[in-house]
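These notes concern the structure reproduced below.
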Amino acid sequence: MERLLDIRNLKVWYSTYRGFAKVVDGINMHVGKGEKVGLVGESGCGKTTTMKSILRVLDSRKVHIPEGEIIFKGSDILRMNYNEIQQVRRRSISMISQEPSAALNPVFTVGDQIMEVIRHSGQFDKNFSKKDMKSLAIKAIRDVLISDPERIFDSYPHQLSGGMKQRICIVMALVTPRELLIADEPGTALDVTIQDQIHRLLRSLVEEKHMSLIMITHSLGVARELVDRIYVMYAGNIVEAAKTKDLFKNPLHPYTRGLMDCVPRLSGGGVSEGIYGYIPDYINPTPGCRFYPRCPDAKEVCSRQKPPATVATENHLVACFKYN
Amino acid sequence: MNKEPIAKNELNRCRKKGLLSPSAKENLRIYWYKFSRNKLSVLGLFIVLISIFLAIFAPVVSRYPQHVKEFVDYEKANLPPSASYFFGTDIFGRDIFTRVIFSFRGALLMSVIVLSIAVPIGVLLGLIAGYYNGTWIDIIIMRLTDVFLALPPLILALAIAAVLKPNLTSSMIAVTAMWWPWYTRLVYGMATALSKEYFVKNAELIGASRFHILFNEILPNCLSPIFTKMALDVGWVILIGASLSFVGLGEQPPTPAFGQMISDGARYMPDLWWMTIFPALAIAFIILGFNFFGDGIRDMLDRGR
Amino acid sequence: MDKHILDVKNLKTYFLINKSRDKANYVRAVDGVSFSVKEGEIMGLVGESGSGKSTIAYTIMGMYKPVEGEIIFNGENIINKNNRRSMSFKKNVQIVFQDPGSSLNPYQDVRQILSLPLKVHKIVPRGKIEEKIAEILEMVELPADFMYKSPTSIGGGEKQLVSIARALCSNPKFIILDEPTSSLDVSIQAKIINMLLKLHREQKLTYLFITHDLSLMRNISTKVAIMYLGKMCEVAPTEDFYKTPMHPYTQMLLSSIPVISEEEEALKPKKVVSTGEIPSPVNVPKGCSFHTRCMLSTDICRSEEPIMHQVSEDHFVRCHLYKK
């Protein structure tokens, strides 16, 4: 499959008073055209930071990117100038955030904000009138299964429920043709029935428009229902990457296994003990595997050396010495 | 079931290892990092320290301490700035540099006294009104505060200072009377929000006394904005004090005060410019210093980062 | 073991939103809820946001004054005129709130936080407070030197453990857990849940566990109740509840849960697909409040409010479908 996005050895550091926090520590991942990819990890593992660095929306005064490339359609996003990155943001990549109410401006109507996106996309010529834009916007609102798009078009964000707002965010992300959608926990702030609706909607729209999707989530269950391939992230490293089916059939990395054990099952069977210990210090991490202090299968080598990504089976990568 | 000894041993073990003392040094380091990230705050701290030093050691630092009392020397009158008179002399031949340094004393003293009276009153009332949000207690306190806030501050101070004898004490009373409502307002808003926080609810549900809730739960969370405001207010109190003394309602001559020196000198502008400019610059210097310092305190106490 | 520790009878808590001369508008947050909790039980109270599940807890604790109904704790009606709870109630019933960040005072250290209930209820003499705190910290498996830490310097899971420790200080009999793990990661959630189960066994506690997570409830509760718009839809013992979910809303909830195994997938009701959103509690639909989202609704649902039907010994459903 042709690669749309290719992240190579990306490192992102935050400066703090104690020194640099190495939040993203050399990750490799790629997204194919039309592929749905999940990035799964617990809070603070660096998944949102990774995604923000793709759109270059991190605070440049606090963030230092010492190494890495983010190749999008052949050019490196990290080396683009302002105009180039702006073009990518306008035309190619869009993002949906976790908090829909924070993503919408409370003083403009939903319609105004959608029109703004259309106007700045630069994908329509001058003959494209305001009326055409509005009809395009209304069609897009109807596409997210809102039954009365005209009324929603003229309403303000505070008049809508959380689920509706998230639908509007989806409209804004997808109203003009894009190639990649980054969804950062789009359902987490919503109730479970609404979350289910949003996820189904997202999947059908992405498939219909032949887009690529990066789904950031902390929930293995959400990733399982939505994406083709999963990257499991722990403390700034990708520890395992596999096709969704393979990952759930045969999880390899001790962290992935621990995480799966922790998820309470609908079929019962009690709750596991959890993973021993806590997320490590990002400022002075261990020289070896970052999961080493918590790992049930730790060996001596794990404390010294960083485990490289090894191919366990076809399309199944795991960063652990157990499979080396 | 024999649990107690284990816990006790554990406690003793920690005591021995010195784990129990919270590391004050580490905290200090964090505070200094946050404070010093803005270089202007460091400059402010520097100015504040200088002002305090000058206020305390005024008789030692200045060259002519006798010039702040009854003193006339017409031979040395109206001299421009020179090596022996840094800021020049006034129409009575008094050294302006000495008088400026002694003015620091009066100004800082005034700020300290005004704030140490106005802040506790304002904070206490704000705490009570905020915690009893929506009740008649809240209404009485906050409407009273509004009355004071509605009066133009300088006019209020002028009125009070004019009714009482014009001296430093009455100008301090005047400034105090107009200063506390700002603290009530500040604390009221925070206390209202904090009393809805779960830790306050929890203390209530456990059965803690109102005194405990007000002073142990809510008050500590209000302290950092209060301190920030206090650091900024030192400068403002000095400015208001100078305004009062400019119109003749503060410290009476011959004791020097910024406002009074400026108003005296203003009559001889622009010929004897040093009589006005240097006291004015001194005010600007001290207010700027406390403002920068206040911003630094705010950054330092900000828990967000 | 069959003694009822808590009996809630026809509880109604309304909030006034505006009052005009002829009519007052209320939010019916809790609208005629009855249930009982036996000693030693872990009762799960499940619902989406706005269903009134937290309002029930807060009304029991005395934070809100009910409009109608009885709350009987240990054989005593605790609702009195000025809605004040007795000191013995405050000692015996504790609550752990959802947000660990806001439930601990950031300007106190753990020792100060834990000593408050010890002092107020005079559990130990003043000189022994520190020892008692070390003992309580050990109960939640935190080291004794934790007592000198500030809540701002510890992680979310540890904060929640401190909250639990505080609840344990007064040797309570009954603890209300208001979504204690919903803001935490699954690996930390597993730890907290295990801790709670251990304490439940050792301290002979009774829990009222408020949550939106049905798969978690499957693993820890003995009885589950579902809330929708201030009313209870279904109550049943856990086994029974998950084997034969009856209310259409329960089925919708179960079908929306993202799961991680085929085994669980098989347990999800297939026919029901989540639609619509929970209506505003200000304008509760007439008849059965769920009829706007229900796939099985008939004319009677739109006009007549259903009553609780007993379908088996302990299984109650509020739905017209099960009318005999």
Side-chain angles (χ1 to χ4, degrees), chain B residues 1-24 26-27 30-31 134 190 193-227 301-305, chain C residues 58 61-63 84-91 93-109 111-113 116-121 128 130-139 142-153 163 166-167 169-170 172 176 178 202:
Chain B
M1 277 279 83
N2 200 5
K3 271 215 168 132
E4 217 169 349
I6 304 174
K8 211 171 169 179
N9 287 343
E10 176 75 0
L11 193 62
N12 286 336
R13 186 185 64 81
C14 293
R15 280 208 180 110
K16 242 178 251 161
K17 280 169 75 181
L19 280 173
L20 294 186
S21 63
S23 79
E26 175 77 347
N27 282 341
I30 296 172
Y31 280 142
M190 287 189 291
L194 284 165
S195 55
K196 293 182 181 69
E197 290 275 324
Y198 283 116
F199 62 83
V200 174
K201 294 270 172 247
N202 220 312
E204 284 169 358
L205 294 177
I206 284 169
S209 66
R210 303 227 163 98
F211 183 87
H212 172 92
I213 290 170
L214 282 181
F215 292 100
N216 293 18
E217 304 283 346
I218 298 179
L219 181 61
N221 286 282
C222 303
L223 285 181
S224 76
I226 294 175
F227 283 139
L301 296 176
D302 185 5
R303 289 236 160 188
R305 273 162 286 162
Chain C
Y58 296 170
M61 294 308 290
M63 287 157 70
R84 289 250 171 85
R85 299 288 182 267
S86 67
M87 270 318 240
S88 83
F89 180 85
K90 286 182 174 176
K91 181 178 173 299
V93 183
Q94 292 294 330
I95 184 165
V96 175
F97 290 109
Q98 168 180 7
D99 181 5
S102 144
S103 62
L104 304 177
N105 191 338
Y107 285 85
Q108 293 183 343
D109 59 17
R111 182 180 54 89
Q112 284 170 305
I113 289 168
L116 177 68
L118 296 177
K119 280 180 193 159
V120 170
H121 296 290
K128 290 217 166 150
E130 232 169 63
E131 257 168 56
K132 180 74 183 172
I133 291 173
E135 189 191 317
I136 288 166
L137 284 175
E138 196 180 282
M139 252 169 10
L142 288 173
D145 61 326
F146 223 80
M147 71 171 86
Y148 291 95
K149 289 202 174 176
S150 142
T152 48
S153 68
S163 295
R166 170 173 57 190
C169 280
S170 58
I176 296 177
D178 184 10
E202 286 176 1

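Within every chain, numbering begins at 1; the chains are lettered A, B, ... in the order of the sequence lines, protein sequences first and strands thereafter.
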Exercise. Who wins among Ala167(C), Ser170(C), Gly62(C), Pro117(C) for the most heavy-atom pairs under 4.5 Å with chain B?
Worked result: Pro117(C)
For this session: Using a cut-off of under 4.5 Å on heavy-atom pairs, state which of Met87(C), Gln108(C), Lys91(C) scores highest against chain B.
Result: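 Going by pairs under 4.5 Å, I would pick Gln108(C).
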Given heavy-atom pairs under 4.5 angstrom as the criterion, report whether the side chain, backbone, both or neither of [X] touches chain B.
| X | answer |
| --- | --- |
| Gln112(C) | neither |
| Arg166(C) | side chain |
| Met61(C) | both |
| Phe89(C) | neither |

For this session: Check whether any side-chain heavy atom of Lys196(B) lies under 4.5 Å from a side-chain heavy atom of Val200(B), and answer yes or no.
Result: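 Lys196(B) vs Val200(B): side chains apart.
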Indicate every side-chain donor-acceptor pair of residues 98-105 of chain C with a distance under 3.5 Å to a residue at least two apart or in another chain.
| from | atom 1 | to | atom 2 | distance (Å) |
| --- | --- | --- | --- | --- |
| Gln98(C) | NE2 | Ser182(C) | OG | 3.1 |
| Asp99(C) | OD1 | Gly101(C) | N | 3.0 |
| Ser102(C) | OG | Glu197(B) | OE1 | 3.1 |
| Ser102(C) | OG | Tyr198(B) | N | 3.2 |
| Ser103(C) | OG | Asp99(C) | O | 3.3 |
| Ser103(C) | OG | Ser163(C) | OG | 3.4 |
| Asn105(C) | OD1 | Asn221(B) | ND2 | 2.8 |
| Asn105(C) | OD1 | Tyr107(C) | N | 3.1 |
| Asn105(C) | ND2 | Glu217(B) | O | 2.9 |
| Asn105(C) | ND2 | Glu217(B) | OE1 | 3.1 |

Seminar exercise, completed: The single option from Leu118(C), Val120(C), Leu116(C) that satisfies side-chain contact (heavy atoms from CB on, under 4.5 Å) with Cys169(C) is Leu118(C)
Seminar exercise, completed: Sequence neighbours excluded, the answer for salt bridge (charged side-chain N to carboxylate O under 4.0 Å, His left out) partners of Lys132(C) is Glu135(C)
For this session: For Arg111(C) and Glu130(C), run side-chain contact (heavy atoms from CB on, under 4.5 Å): C-alpha distance rounded to whole Å, both residues' side-chain angles, the deciding distance at 0.1 Å, then the answer.
Result: CA-CA 8 Å; Arg111(C) 182 180 54 89; Glu130(C) 232 169 63; 3.6 Å; yes
